[in-house]
Amino acid sequence: MQLSLEAKRRRTKRIIKDQMSAYAFLSPYLIIFSVFFIFPFFYGLVISFFDWNLFYPDETKFIGFDNYQRIWFESGGIYYRYFWSGLKNTLIFVVFSVPFLVLIPLILAALIDNEPKGYKIFRTILFMPTVLSISSVILIWKWQFYTNGGFINSVLLKLGLNEIPFLVSQPWAWISIIAVTIWWTMGTNMVILGAGLKNIDKTLYEAAAIDGASYIQTFKYITMPSLAPQMLIVMITTVLASFGVYGQPDLLTNGGPDFSTTVLMMRIRPLAFGTNANPGIATAMAVSMGMIMIVVSIIQARIIKRRGDA
Amino acid sequence: MAIRSVQNKRKTISFIALLLISILWLMPLVWGLATSFKTPQDISSNPTSLFPELWTLEHYQGLFSRPDTPVMRWMLNSFIIAGSYTVLYLIIVSFAAYAFSILKFKYRDQLFWIILSTTMIPTVINLVPLITMTIDLGWFGSWLSLIIPGLGGVFGMFLLRQFFLGIPYELVESAKIDGLNNFGIFVKIVMPLSKSAFLVAALFAFMGNWNDYLWPLIQFSGVDASMWTLPVGLSKIAGTYNYDYGLTMAAAILAIVPVVIVYALLQDKIIEGVARTGIK
């Protein structure tokens with residue numbers, strides 16, 4: 001098609017005008033996103049190389065990898081102890097919470113997918129705790145666990161059993177934290193996995209049933225491969241969320257007994273701000289934790305993708 | 001038929017299992033509700049009973065009369081903060097989503113995918129820098145810290161963009177021929193067609209902000225209790241009134257009831273929104 005010079009010019013003008021208006025729509029978001037998401041990330045990397053003083057900027061000085069050196073290798077140092085014990089406790093939580101936070105929602109989603117009577121009501125009830133805030137969840141749960149007149153122990157006493165000191169002894173402190181986490185958060189995974197199950201072509205199941213496949217076989221060869229995209233999202237988001245755990249141990253056990261549930265975020269927070277703050281150390285811990293999280297996510301994505309292809 | 005009967009059996013088993021689990025899931029809430037209406041004597045002598053011997057409002061009255069537990073004030077604060085955040089967030093992300101879906105500009109999709117990929121960066125790294133930044137901006141301890149930094153959140157923007165992509169482009173074309181500019185198209189064509197997507201984005205923005213705990217806890221560390229949000233206030237009640245079971249349950253129930261009502265009304269939209277995050 002031949003365009004006159006005038007028409008060409010007009011078209012160029014319109015394209016430029018369109019671009020300008022697109023940037024006008026985009027700019028508020030881009031500005032806030034860059035200032036409060038992108039910039040802090042790089043700023044954080046910078047802070048981790050400084051002995052940073054929040055209130056007397058003159059006293060802030062560059063110290064290279066010293067912060068990392070102190071938390072990773074300087075055994076005997078307090079920050080070394082904070083970092084490694086915090087990381088260990090976080091990993092305990094990740095390892096023991098994630099399987100339940102994936103398996104229980106998967107089972108519930110499968111039950112709901114059978115569409116028994118009232119399945120929508122059940123889904124509504126089971127999802128509900130996810131909309132509550134962590135502090136109201138803990139208020140409700142904290143004294144379910146108490147020894148002195150708490151609900152669970154009162155039931156145990158009635159049944160003639162011994163009381164269990166849930167929040168002040170191990171492994172009960174972890175069991176309590178993980179139970180509350182399951183109650184509070186599993187609904188999200190249940191709904192995501194449920195959406196995946198609903199998408200599976202039901203004629204595949206009928207064909208498998210005619211071929212005489214067992215429930216387990218059907219699950220292994222039809223359900224799981226079809227669920228791979230949802231599994232990927234659920235696994236990665238659940239692991240990342242579990243690494244970031246803070247509210248449950250902070251409010252339920254206050255990190256106890258004997259700091260055994262003091263997770264890494266609970267070490268980072270007082271170092272980030274407060275009377276004992278050391279922002280350089282806090283960010284070095286955060287960056288180290290972030291790197292571990294990224295590596296774990298990549299490994300998971302690889303494994304699940306490979307399984308999905310096979 | 002054999003398959004039919006297997007299916008029926010499966011449905012029955014599923015029903016029974018879901019019923020039992022749902023009862024288990026509701027128990028802490030129902031029992032907390034009952035406790036909040038029991039007298040202290042009743043709480044200590046019949047901790048497991050679901051029905052108060054004598055219904056009392058004393059814990060709720062105690063909560064309202066104590067100067068250090070202004071639950072309604074906290075609720076109002078949370079409502080104002082989460083509400084302002086949600087309104088601003090919807091404006092900002094819907095503009096961006098519009099640019100990323102219907103408008104055309106160079107490197108549009110590349111830029112979008114770059115932004116989306118940053119969600120892989122763990123936000124824990126941003127914690128200390130954001131504290132420093134809010135101090136430098138003079139926002140530390142104020143509500144601005146709870147409203148502004150989160151406005152760049154990706155989830156709502158992504159959700160709206162995906163929805164806008166489904167709007168037939170012919171509608172946009174014909175509006176252009178009718179002489180509408182881009183802003184007019186956004187307000188008159190795109191927005192009315194996307195009410196449900198806006199609602200889902202609003203719900204998630206509101207819930208996320210309303211429930212936030214760690215960030216407001218840091219911001220309010222030296223701030224008067226009358227400025228706090230509900231989660232921060234409740235966490236203080238949990239710490240201070242540990243063994244006053246009636247009072248803590250009353251506080252929890254007050255905090256939970258409005259959320260559960262909103263949830264009950266809009267649960268279809270909420271569940272649909274979550275389900276959609278798992279499907280590309």
Side-chain angles (χ1 to χ4, degrees), chain A residues 18-19 21-22 25-26 28-29 32-33 36-37 40-41 43-44 47 54 111 114 116-117 122 124-128 131-136 138-144 149 151 154-155 158 188 191-192 195-196 209 230 233 244 246-247 251 272-274 279 282-283 286-287 289-290 293 297, chain B residues 3 10-11 14-15 17-18 22 25-26 28-29 31-32 44 47-48 92-93 95-96 98-99 103-105 115 118 121-122 124-133 135 149 151-152 182 207 211 213-214 218 221 231 234-235 238 245 248 251-252 255-256 259 263 267 271 274-275 277-279:
Chain A
D18 265 9
Q19 299 248 352
S21 99
F25 275 100
L26 211 51
Y29 183 81
I32 291 198
F33 181 78
F36 294 107
F37 275 78
F41 173 73
Y43 194 14
I47 292 175
L54 267 180
L111 292 174
N114 287 333
K117 231 178 240 145
F122 293 135
T124 303
I125 291 171
L126 294 171
F127 183 77
M128 185 186 53
V131 302
L132 305 177
S133 72
I134 180 63
S135 12
S136 40
I138 295 300
L139 272 186
I140 287 282
W141 272 95
K142 196 168 186 181
W143 66 285
Q144 311 269 346
F151 182 72
S154 303
V155 172
K158 262 193 177 167
T188 307
V191 168
I192 293 175
Q230 283 78 26
I233 290 172
Y246 175 77
L251 290 166
F273 186 78
T283 34
V287 170
M289 181 172 156
M293 288 158 84
S297 299
Chain B
I3 290 178
R10 206 173 276 167
K11 275 191 190 194
S14 305
F15 177 82
L18 286 170
S22 296
W25 239 243
L26 282 178
L29 293 177
W31 188 65
S44 58
T48 54
I92 290 173
V93 296
F95 278 4
Y98 178 55
L103 301 180
K104 292 191 164 55
F105 59 94
I115 289 177
T118 60
I121 298 173
V124 52
I125 296 171
N126 294 6
L127 185 68
V128 173
L130 282 173
I131 294 172
T132 313
M133 286 166 70
I135 290 173
L151 291 174
N182 284 334
M207 287 193 314
N211 287 337
Y213 173 62
L214 177 58
I218 291 173
S221 52
L234 290 180
S235 74
Y245 297 164
T248 49
I256 286 172
V259 181
Y263 172 68
Q267 45 106 359
I271 289 177
V274 174
T277 59
I279 299 168

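When reading the values below, keep in mind they use all heavy atoms of this one structure, side chains included, and skip hydrogens, waters and symmetry mates. In what follows, chains are A, B, ... by sequence order, proteins preceding strands, each numbered from 1.
The closest side-chain heavy-atom distance from A/Tyr43 to B/Thr132 is below 4.5 Å. Between A/Ile134 and B/Pro231 the shortest side-chain heavy-atom distance does not fall below 4.5 Å. In this structure, B/Met133 and A/Pro40 have side chains that are in contact, with non-hydrogen atoms separated by less than 4.5 Å. Under the 4.5 Å side-chain criterion, counting only non-hydrogen atoms from C-beta, A/Lys142 is not in contact with B/Thr248. In this structure the side chain of B/Ile121 never reaches within 4.5 angstrom of the side chain of A/Phe37, judged on heavy atoms. Residues B/Leu18 and A/Leu126 meet the side-chain proximity criterion, which asks for heavy atoms closer than 4.5 Å.
Residue with the most contacts toward chain A among B/Ile92, B/Thr48, B/Ile131: B/Thr48 (heavy-atom pairs, distance under 4.5 Å). Per-residue heavy-atom pair counts under 4.5 Å with chain A were compared for B/Ile125, B/Val124, B/Leu127, B/Ile256, and the maximum is reached by B/Ile125. The candidate with the highest count of non-hydrogen atom pairs below 4.5 Å against chain B, out of A/Thr283, A/Ile140, A/Ile32, is A/Ile140.
Of the atoms belonging to B/Ser44, not a single heavy atom falls under 4.5 Å from chain A. Looking at A/Ile138, neither its backbone nor its side chain comes within 4.5 Å of chain B, counting heavy atoms on both sides. For chain A, the nearby part of B/Leu103 is the side chain; its heavy atoms alone come within less than 4.5 Å. When heavy atoms are compared at a cutoff of 4.5 Å, B/Phe15 approaches chain A by way of both its backbone and its side chain. Only the side chain of B/Ile135 comes within contact range of chain A, with heavy atoms under 4.5 Å apart. B/Ile218 touches chain A through backbone and side chain together, each having a heavy atom under 4.5 Å away.
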Subject >> B/Val93 and A/Tyr29: CA distance, side-chain angles, deciding distance, side-chain contact (heavy atoms from CB on, under 4.5 Å) verdict >> reply: CA-CA 6 Å; B/Val93 296; A/Tyr29 183 81; 3.7 Å; yes
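Ring planes of A/Phe25 and B/Phe95: perpendicular class, angle over 60° (limits at 30 and 60°). The aromatic rings of A/Tyr246 and B/Tyr213 are tilted relative to each other, their planes meeting at an angle between 30° and 60°.
Between A/Ser136 and B/Ala255, the shortest heavy-atom distance links the atoms CB-CB, 4.3 Å.
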